[in-house]
Amino acid sequence: MLKPRATRDPLHEPLPFRDALAVWFGQNGRDYPWRRTTDPWAVLVSEVMLQQTQIATVLGRGYYTRFLSLFPDPATLAVAEDEPLLKAWEGLGYYRRARMLRETARAVTAAGGFPDSLDTLQKLPGIGRYTANALRAFAHDRPAAVVDGNVARVLARLLDYHHAVDSPSGLKHLWEVAERLADPHRPRIYNSAIMELGQTFCRPGVPDCLACPVSAFCKTPEPSALPVKTAKPKTERIHTHVLWARDRMGRILLHQEQGKRRQGLWKLPERTPEETADLPEIATRTYGITRFHVTMHIHECADAPAREGESWHPEEAIATLAMPSPYRKAVEALLA
DNA sequence: CATGCGTGGCT
DNA sequence: TAGCCAAGCAT
């Protein structure tokens with residue numbers, strides 16, 4: 001891996017660093033729909049959708065455009081029911097984001113508009129330090145710095161920073177650096193540029209330092225070794241047993257989540273291994289969720305008493321319900 | 001401060 | 001295949 005030697009320090013010479021980023025971005029910046037608007041609502045929707053979610057997912061499957069046509073302003077989302085909201089979010093994951101976005105829409109609607117102070121923005125549900133600053137930079141073009149996964153990687157390499165970037169102390173340091181580096185005169189361009197740099201040249205694994213517009217400012221001799229992250233617990237293999245139950249009318253038994261996290265989503269009813277031991281297993285599916293590798297065993301039964309939170313649904317109604325992806329796929333395969 | 005939260009693409 | 005990673009946040 002060939003990498004040009006660092007000849008300049010971005011913290012010591014922030015002006016040429018910002019210029020190099022701005023020039024490159026001005027000629028090569030990508031055209032995303034959320035870069036074509038300054039509407040705080042449209043920007044907020046994009047930022048929340050993009051939390052821990054790749055651009056290709058949000059764009060490729062049309063989530064962003066569809067969501068904004070369904071909920072074009074905060075007042076519309078503020079009065080939306082669970083079902084259309086969760087359905088619009090189906091497949092994006094982290095479903096709590098959708099509910100928190102509606103809570104924020106209600107607060108903004110009640111207040112008659114978006115707050116402009118960083119502290120007030122950060123008190124809104126689902127808006128943390130990153131999203132609050134992103135709103136200020138991308139919607140209002142006001143001085144702000146952001147640290148997301150891309151920026152953390154870029155800064156760690158620029159500074160040859162070998163502490164864990166996902167630890168609280170590491171993040172604190174990176175935010176301080178980010179605020180010193182950020183361009184106070186071109187917040188929108190600067191923040192767009194440094195994030196896009198992390199998606200393109202300064203990508204995870206082996207970066208493309210030879211083409212990087214700021215390689216002269218980059219201190220690390222071994223970029224592929226950065227950033228350092230805290231060790232994650234090893235994936236655990238677990239098994240679940242669910243029912244594929246249809247009554248005499250052909251209706252399907254489903255369970256609606258009640259907890260804090262996935263409230264409102266519909267799943268196949270779960271039973272203990274003992275309860276399904278005598279039922280024929282008609283399919284198994286595997287999927288990953290957080291730190292678990294799940295093998296879902298699907299058992300067929302003609303009928304079953306509905307328990308708390310469970311109800312029967314005609315086949316035509318299934319498509320209108322919001323289901324987590326693994327269950328959506330399982331149901332579609334079983335109905336095919 | 002560590003952990004849980006979804007999903008899909010890439011290595 | 002298994003692990004890593006992504007425009008983080010709340011608890």
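Just so we're on the same page: letters track the sequence lines, and every chain starts at 1. Just so you know, these numbers use all the heavy atoms, side chains as well, and skip hydrogens, waters and symmetry mates.
Whole-Å rounding puts the A:Y94 OH to B:dG8 P distance at 13 Å. Following rounding to the nearest Å, A:L155 (CG) and C:dA7 (P) show an atom-to-atom distance of 14 Å. Look at NZ on A:K232: it is 10 Å from P on C:dC4, rounded to the nearest Å. Atom CG in A:L44 sits roughly 14 Å away from atom P in C:dG8 (whole-Å rounding). One interatomic measurement links the two molecules: OH of A:Y287 to P of B:dT7, which rounds to 8 Å at whole-angstrom precision. Atom CD in A:E257 sits roughly 10 Å away from atom P in B:dC5 (whole-Å rounding). The interatomic distance linking A:W89 (CH2) with B:dT7 (C1') rounds to 13 Å, in whole Å. In this structure, A:L86 places its CG atom 17 Å from P of B:dC5, rounding to the nearest Å.
Where A:A56 and A:P168 meet DNA chain B, the nucleotide closest to each residue was compared, and A:P168 sits on the side nearer the 5' end. Taking for each of A:I289 and A:P233 the nucleotide of DNA chain B with the nearest heavy atom, the 5'-most of the two is the partner of A:P233. Residue whose closest nucleotide on DNA chain C sits further toward the 5' end, between A:P125 and A:L50: A:L50.
Close to C:dA7, at under 4.0 Å from its OP1 or OP2, lies no side-chain N or O of A:S46. A sub-4.0 Å separation between OP1 or OP2 of C:dG3 and a side-chain N or O of A:R291 is absent. Note on A:Y32: every side-chain N or O is 4.0 Å or more away from OP1 and OP2 of C:dA7. Remark: A:R328 is not in phosphate contact with B:dT7, judged by side-chain N or O atoms under 4.0 Å from OP1 or OP2. In this model, the phosphate group of B:dG8 is approached by a side-chain N or O of A:K329 to a distance below 4.0 Å at OP1 or OP2. Side-chain nitrogen and oxygen atoms of A:Q52 include none within less than 4.0 Å of the OP1 or OP2 phosphate oxygen of C:dC5. OP1 or OP2 of C:dA6 has at least one side-chain nitrogen or oxygen of A:K229 nearer than 4.0 Å. OP1 or OP2 of C:dG3 lies within a sub-4.0 Å distance of a side-chain N or O belonging to A:T235.
Going from the P atom of C:dA7 to that of B:dG4 covers 23 Å, rounded to whole Å. Comparing C:dT11 with B:dC1, their C1' atoms sit 11 Å apart, to the nearest whole Å. Annotation: C:dC9 and B:dG8 have their P atoms spaced 22 Å apart (nearest Å). Nucleotides B:dG6 and C:dT1 are separated by 24 Å at their P atoms, to the nearest Å.
Below the 3.5 angstrom threshold, one finds no donor paired with an acceptor across the side chain of A:S325 and the base of B:dG8.
A:P115 places a side-chain heavy atom less than 4.5 Å from the side chain of A:L124.
For A:Q54, taking side-chain heavy atoms from C-beta onward, the closest of the listed nucleotides B:dT7, B:dG9, B:dC1 is B:dG9. With C:dA6, B:dG6, C:dA7 as the candidates, the nucleotide lying closest to the side chain of A:Y130 is C:dA7. Side-chain proximity of A:R35 to C:dA7, C:dG8, B:dT7: nearest is C:dA7. Nearest to the side-chain atoms of A:K234 among the listed nucleotides C:dG8, C:dG3, C:dA7 stands C:dG3. For A:W34, counting side-chain heavy atoms from C-beta on, the closest listed nucleotide (C:dG3, C:dA7, C:dG8) is C:dA7. Nearest nucleotide to the side chain of A:D148, out of C:dG8, B:dG6, C:dA6: C:dG8. The side chain of A:M100 lies closest to C:dA10, out of C:dA7, C:dG8, C:dA10. For A:R61, the listed nucleotide lying nearest its side chain is B:dG8; candidates were C:dC9, B:dG8, B:dG6. Checking C:dA6, B:dA2, C:dG8 against every side-chain atom of A:P204, the shortest atom distance belongs to C:dA6. Comparing C:dG8, C:dA7, B:dG4 by their nearest atom to the side chain of A:N150 picks out C:dA7.
Salt-bridge check for A:K3 with A:E222: failed, with every basic side-chain N at 4.0 Å or more from each acidic carboxylate O. Under a 4.0 Å N-O distance rule, the pair A:R35/A:E196 qualifies as a salt bridge. For A:K87 and A:D82, the salt-bridge test fails: no basic side-chain N is under 4.0 Å from an acidic carboxylate O. One finds no salt bridge joining A:E103 and A:R97 here, because no Lys/Arg side-chain nitrogen approaches an Asp/Glu carboxylate oxygen to under 4.0 Å. Using a 4.0 Å cut-off between charged nitrogen and carboxylate oxygen, A:R307 and A:E310 do not count as a salt-bridge pair. The pair A:E332-A:K329 does not count as a salt bridge, with every side-chain nitrogen at least 4.0 angstrom from each carboxylate oxygen.
Across all strands, A:I127 comes closer than 4.0 Å only to sugar-phosphate atoms, never to a base (heavy-atom distances). At the heavy-atom level, A:G91 lies under 4.0 Å from the strands shown only through sugar-phosphate atoms.
Judged purely by distance below 3.5 Å, without hydrogens or angles, the side chains of A:T57 and A:Q54 never pair a donor atom with an acceptor atom.
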